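One structure is given below, encoded as structure tokens.
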Amino acid sequence: MSEEHRETGTGWPQPAEPGRPSGPAGEPDPRPDAPDPDELSPLAPAEPAAPEQEDVPEPAEEPGASAAGAKPAPVSRRLTSAGAMIAVLLALLGFTLVVQLKTTSTDPTLAATREEDLVRISSDLDSRERRLRQDIEALEESQRQLRSGEQGRQAALEEATRRADELGILAGTLPAVGPGLSVRFEGPEKAVESERILDAVQELRGAGAEAMQIAGADGTAVRIIASTYFVDAPGGGLVVDGRRLSGPYVISVIGDPATLRTALNIPGGVVASVEEAGGNVTPVDSEAVEVSQLHAPIKLEHARPVS
């Protein structure tokens, strides 16, 4: 027989009173000042409890009812600020994943390429970029060299043009103008014979004459160059490079006027010899002496430049 049955003395369990636990834990405290167990119940509310409602069985859910028709359960608590931030970050992450998937899906080749192939493609692109940069640098250097070469060629062309002009003036194929003298020879035929005119040309050339021409009384002019010759014409006058001239004669010469004048007036020179023969030499300075008569180019038959 159990201990509970021995306490009742009957051998049968005594029914527990309402609100108290059965058995030894539910018996009243035998102390006279013990408080009522109902007053010490920690679950007892401070206010009178609301009347208990009878349990009403919930209606059975009809078969085939749609789950969409059910009302959502009310939210038991509000989202905190941290929860809201997490939700925003998750939304951004999802959006980024969607965009990435769409971008990758637009290139089926890259999507199907292995990681090793992608690394190789990236390396090839880097190598190609380096080669292109080297090509750009080479082209820029070529451009600088071409510009420098162009400047050199331009300078060479200008120098060649200057030399050609000088040679053209010396060869009599180009007209010339500049400071110099106009020397007039007049007198009897003996005084202005070809020998004295040639001496005058040689003296002027030695004094730095750069261009000369001789004209007769009728205005006929002949350009004087290195190969020009002078002979006396039958019956009077001169033959200069095959053209006959009659006196008086005027030699137009370009050079330094003072030097040219000094060369003509040296003792025993051209002026003195012409005056001794009864003639007269009159030099006139000019700032713009024109030597306009041209000589035909000479075709060389034997001479060749040394290479």
Side-chain angles (χ1 to χ4, degrees), residues 151 153-187 191-231 237-275 279-300 303 305:
Q151 293 175 356
R153 286 193 299 272
Q154 183 65 26
L157 179 60
E158 293 176 356
E159 178 65 18
T161 302
R162 186 183 66 82
R163 293 291 299 165
D165 292 341
E166 292 178 354
L167 293 176
I169 292 173
L170 293 176
T173 57
L174 292 177
V177 62
L181 296 176
S182 293
V183 185
R184 183 180 178 88
F185 293 84
E186 55 186 352
V192 290
E193 60 184 0
S194 59
E195 184 179 354
R196 289 187 172 87
I197 298 298
L198 180 59
D199 290 342
V201 169
Q202 296 292 352
E203 292 289 346
L204 292 172
R205 185 175 289 154
E210 297 176 354
M212 289 183 287
Q213 71 180 24
I214 184 171
D218 59 354
T220 303
V222 177
R223 183 71 171 263
I224 300 175
I225 61 174
S227 61
T228 301
Y229 64 90
F230 299 85
V231 294
L238 299 174
V239 176
V240 181
D241 276 352
R243 302 187 68 175
R244 185 166 183 168
L245 304 178
S246 59
Y249 312 105
V250 176
I251 297 178
S252 300
V253 52
I254 296 175
D256 180 60
T259 304
L260 297 175
R261 182 187 293 275
T262 301
L264 292 174
N265 289 299
I266 59 175
V270 175
V271 173
S273 64
V274 171
E275 289 178 351
N280 188 26
V281 179
T282 307
V284 178
D285 293 4
S286 177
E287 292 295 329
V289 176
E290 292 186 5
V291 177
S292 56
Q293 189 66 30
L294 301 181
H295 193 285
I298 298 176
K299 184 179 180 181
L300 301 178

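In this text, all values refer to a predicted model and were calculated from it rather than measured experimentally. All residue numbers refer to positions in the sequence shown, counting from 1.
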R223: partners by side chain to side chain donor-acceptor pair (under 3.5 Å), with sequence neighbours left out:
none
What residues form a side chain to side chain contact (heavy atoms under 4.5 Å, CB included) with [X], not counting sequence neighbours?
X    : result
A207 : T259, L260, A263
D241 : V222, T228, Y229, H295
V192 : F185, Y249

Check this for me, if you would: do R162 and E166 make a salt bridge, where the nitrogen-to-carboxylate-oxygen distance has to be below 4.0 angstrom?
yes
Heavy-atom side-chain contact between P179 and D256 under 4.5 Å:
no
Heavy-atom pair with the smallest gap, counting every atom of [X] and [Y]:
X    : Y    : result
A217 : G247 : CB-O, 3.5 Å
V253 : A209 : CG2-CB, 3.3 Å
I298 : S227 : CD1-OG, 3.4 Å

T173 OG1 to L294 CG distance, which is reported to the nearest 0.5 Å
7.5 Å
Any side chain to side chain donor-acceptor pair (under 3.5 Å) involving residues 197-219? Give me the pairs, sequence neighbours left out, ordered by first then second residue.
D218-T220
Result of checking V183, V250, I224, V201 against I214 for side chain to side chain contact (heavy atoms under 4.5 Å, CB included):
I224
For residues 283-291, tabulate all N or O donor-acceptor pairs below 3.5 Å that involve a side-chain atom, not counting sequence neighbours.
residue	atom	partner	partner atom	Å
D285	OD1	R261	NH2	2.5
S286	OG	A288	N	3.3

Could you walk me through whether I197 and V240 pass the side-chain contact (heavy atoms from CB on, under 4.5 Å) test, one step at a time?
CA-CA 10 Å; I197 298 298; V240 181; over 6 Å; no
